[in-house]
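Here is the naming used below: chain letters follow the sequence lines, and residue numbers restart at 1 for every chain. We use all heavy atoms of the structure for the numbers below, so side chains are in, but hydrogens, waters and symmetry mates are not.
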2 protein chains.
Amino acid sequence: MIGRTAAAELDAADPLAGLRHRFDLPDGVIYLDGNSLGALPRAVRPAVLDLLDRQWREDLIRSWNTNGWWDAPGRVGDRIGALIGAGPGQVVACDGTSVNLYKVLDAALTMRPDRSVIVTEPENFPTDRYIAASVAERRGATLRLCDPLDVASALDETVAVCCLTHVSYRTGRMYDMAAVTGAVHDVGALAVWDLAHSAGAVPLALDADGVDLAVGCGYKYLNGGPGAPAFVYVAGRHQADFRQPLTGWHGHARPFAMAPDFEPDAGVRRALVGTPPMLSLAALEAALTAFDGVDLAAVRAKSVSLSELFIALVEERAEDFVLASPREAAQRGSQVCFEHPEAYAIKKALAEWDVIGDFREPAILRFGLAPLYVRHVDVWDAVDRLVDVTETELWRAPRFRERDAVT
Amino acid sequence: MIGRTAAAELDAADPLAGLRHRFDLPDGVIYLDGNSLGALPRAVRPAVLDLLDRQWREDLIRSWNTNGWWDAPGRVGDRIGALIGAGPGQVVACDGTSVNLYKVLDAALTMRPDRSVIVTEPENFPTDRYIAASVAERRGATLRLCDPLDVASALDETVAVCCLTHVSYRTGRMYDMAAVTGAVHDVGALAVWDLAHSAGAVPLALDADGVDLAVGCGYKYLNGGPGAPAFVYVAGRHQADFRQPLTGWHGHARPFAMAPDFEPDAGVRRALVGTPPMLSLAALEAALTAFDGVDLAAVRAKSVSLSELFIALVEERAEDFVLASPREAAQRGSQVCFEHPEAYAIKKALAEWDVIGDFREPAILRFGLAPLYVRHVDVWDAVDRLVDVTETELWRAPRFRERDAVT
């Protein structure tokens, strides 16, 4: 049996161990839901207070010039770009992931005017499907659902755009971005990736992989805070042809000219719409400093180490739980998922024992492993309590079986 | 000549004078740009710190249930509803004004399937025009520009929706909402109002006036902070037919079922898309408490008093400035605008003398009068410095003639 000491030894040898101190974590809580809401980076509080007390209170409207508000979406975007393998000038932080997906899918259809199929997969995050269906309906296109494990067989010359989430929210299954993007390009279509569960946890190489367009989330592994602005990537070669539907003045070439007609900015700013939520954007900008000097390859190595430990411990000690994530690390993001018929009650019981995981329908326990602040001992303790909750059948208590409004 | 003492006497008699203490204003600054970015309400700082230190840091993902995050868009929406004459369950706070306008215009076209004209006016805020043009282009509709002073003549049986900004960003000209809405209904079209420069400054009666759909801004007279979430109003009678294009999971009837197809929430939540920026939304929610117990009729009375004083002083002392706002108070929102060929340099020179106004192309000086924190003596002092800046020709200095990135 793998003992807690062995886990502690892995932490002692962890080159990223010091990063945990960049986060302000509550005492005694084992937080394994950083893929739903990242923990609070210590840099956020002073940044938000500066925004409130100095920028908003004192400088007021002048902050657009004096405190760099106008450039914030691109400045934060470039910081995110550095984490996803995107060179400067191709990413902006703005709006939410779903709004951004609407922009890029509509733009993609315009970029492939002779084609009318949007490909996605049936297990994609539901919002991505809803948004794709809505764009398709309004643009006279068709939504085609592919086999999640065989995307290529759904691709042909009618496909305008293939839109997939890189790491599955439900199972953590991860696509080979380069290979799928290549297959999409082979039929002349555009590859759109949703990086919600990838950015900040998995090394990405958007430029090198030839990705066309991408969106992603600011509040999961990027730790930008609840509802932090999302981001959009538009590859430099596509920017001149990127015409998105939400033509707001922040995306205009001359926003203060108040011109009668929309003329998009020459660059990626054309993906912007209106005034960004500066409190939330400042929090995201500060949160990203938690990645300063961090090598994403080391993040990935630790993520794999945490995940392998988690799986090994569960299979050794809690055999009722069936692994719902791919067993092979290369096909898995930074989360591990297990099926259990009582998953919901077990998740609630674990929370009472200070282990915060997540539940997804119909019977999946989901544990996100954020390598910047999760330790191997956290994984050991979490599985230990999982075993306790199961063996004592604590989860049978009625209070754990009642569904919360937000599950 | 109207003396400063007379202005001070008006303040002494002002029933709203005490509200100024609900704001944390910088010393010595006369802030007349609250229609661009409202000042910081004192209630915001503790609310934001609670969100950071307790809700995000300690409760983490549990906050969706324990700290009411899920219900926040509707809860804040109802607070805004109370300020715009909308009963509960018809307003949500979310996204930005432009994104929300896209939603309602697209939905309006779906609600009038046999019609294909969107009417707006050429002096509308440019983003509103851009968004209307974009929706029209994608839905096969036509954008028709009306005479701003004679909307009715552009209305006929082909019009699906008429979309106007209630108070003009440039001149402060205010429409008669009831009359225009009635004329729009007379031809069977839908009335959409942008309340960006109205909400929190002018009494509104959306329900009583029969308004169909509306959007508005959270960071102007509502003081929610830079880029605060905007809002959407969907009249109860239209909610079942309101199908907006940004079909995100927060607008789903059963968001956690992760169902394959989009099924809108029964109520106004169907206007939501994704996770709201909670820091910015919490700031807005706290900011709205500055209106607690405040009678908007009294707000309007003070707004008119401030505006009339401003106009009288300028006409008495600074005859080079030509009033660009309607002279009649009933046709004016809570701002006064003046044309002057050197408007831009004068605005910058005034800022150096601690009077913060705004500039709009091509030659308009714009002063927003937020009745919750602007005093009559502020107006007097502002005009006094305007006279000084003009008489000394301070604005001729080169530093005032250079355009800032953000004007």
Engaged part of Leu52(A) at the chain B interface, taking heavy atoms whose separation is under 4.5 Å
both

Identify which part of Phe359(A) has an atom lying under 4.5 Å from any heavy atom of chain B, answering side chain, backbone, both or neither.
neither

So, the side chain of Ser134(B) versus the backbone of Pro245(A): is there a donor-acceptor pair under 3.5 Å, distance only?
yes

Counting only heavy atoms closer than 4.5 Å, note whether Asp106(B) contacts chain A via side chain, backbone, both or neither.
side chain

Identified ring-ring contact (aromatic ring centres under 6.0 Å, His included) counterpart of Trp249(A) within the set Tyr130(B), Phe125(B), Tyr169(B):
Phe125(B)

Please look at Leu49(B) and chain A and tell me whether the side chain, the backbone, both or neither of the residue comes under 4.5 angstrom of a heavy atom of that chain.
side chain

What option among Gly225(A), Pro126(A), Ser280(A), Pro229(A) has the most heavy-atom pairs under 4.5 Å with chain B?
Ser280(A)

Answer with side chain, backbone, both or neither: which region of Leu51(A) has an atom nearer than 4.5 Å to a non-hydrogen atom of chain B?
side chain

Tell me, do Glu137(B) and Thr247(A) make a side-chain contact under 4.5 Å, heavy atoms counted?
no

Quick one: of Thr110(A), Asn65(A), Thr127(A), Thr275(A), who has the most non-hydrogen atom pairs under 4.5 Å with chain B?
Asn65(A)

Tell me every residue that passes ring pair (Phe, Tyr, Trp, His ring centres under 6.0 Å) with Phe367(A), counting only those two or more places apart in sequence or in another chain.
Phe310(A)

Counting only pairs under 3.5 Å, give me each side-chain donor-acceptor contact of residues 38-48 of chain B, with atom names and distances, residues two or more places apart or in other chains.
from: Arg42(B); atom 1: NE; to: His21(B); atom 2: O; distance (Å): 2.8
from: Arg42(B); atom 1: NE; to: Phe23(B); atom 2: O; distance (Å): 3.3
from: Arg42(B); atom 1: NH2; to: Phe23(B); atom 2: O; distance (Å): 3.3
from: Arg45(B); atom 1: NE; to: Asp53(A); atom 2: OD1; distance (Å): 2.9
from: Arg45(B); atom 1: NE; to: Asp53(A); atom 2: OD2; distance (Å): 3.2
from: Arg45(B); atom 1: NH2; to: Asp53(A); atom 2: OD2; distance (Å): 2.6

Which value, rounded to the nearest 0.5 Å, describes the distance between Arg62(B) atom CZ and Asp404(A) atom CG?
11.5 Å

Pull out the residues in residues 93-101 of chain B that come under 4.5 Å of chain A, heavy atom to heavy atom, sorted by number.
Asp95(B), Ser98(B), Val99(B)

How long is the gap from CD1 on Ile61(A) to OH on Tyr219(B), to the nearest 0.5 Å?
8.5 Å

Side chains of Pro226(A) and Leu281(B), heavy atoms from C-beta outward: is any pair under 4.5 Å?
no

Does any backbone or side-chain atom of Arg57(B) lie under 4.5 Å from a heavy atom of chain A? Answer side chain, backbone, both or neither.
both

Contacting moiety of Arg403(A), where chain B heavy atoms sit under 4.5 Å:
neither

Can you give the donor-acceptor pairs under 3.5 Å from side chains of residues 253-264 of chain B to other protein atoms, not counting sequence neighbours?
from: Arg254(B); atom 1: NH2; to: Glu263(B); atom 2: OE1; distance (Å): 2.8

Quick one: CG on Leu279(B) to CE on Met278(A), what's the gap to the nearest 0.5 Å?
12.0 Å

Side chain, backbone, both or neither: which part of Trp64(A) has a heavy atom under 4.5 Å from chain B?
both

Under 4.5 Å from any heavy atom of chain A, what part of Ile131(B) do you find: side chain, backbone, both or neither?
both

Does any backbone or side-chain atom of Arg138(A) lie under 4.5 Å from a heavy atom of chain B? Answer side chain, backbone, both or neither.
both

Is His252(B) close to chain A through its backbone or its side chain, or both, or neither, when contacts mean heavy atoms under 4.5 Å?
side chain

Can you tell me how far apart CG (Leu60(B)) and CG (Leu37(A)) are? Round to the nearest 0.5 Å.
6.0 Å

By a 4.5 Å heavy-atom criterion (distance strictly below it), what part of Gln244(B) contacts chain A: side chain, backbone, both, or neither?
backbone

Let me know if Ala405(A) has heavy atoms under 4.5 Å from chain B in its side chain, its backbone, both or neither.
both

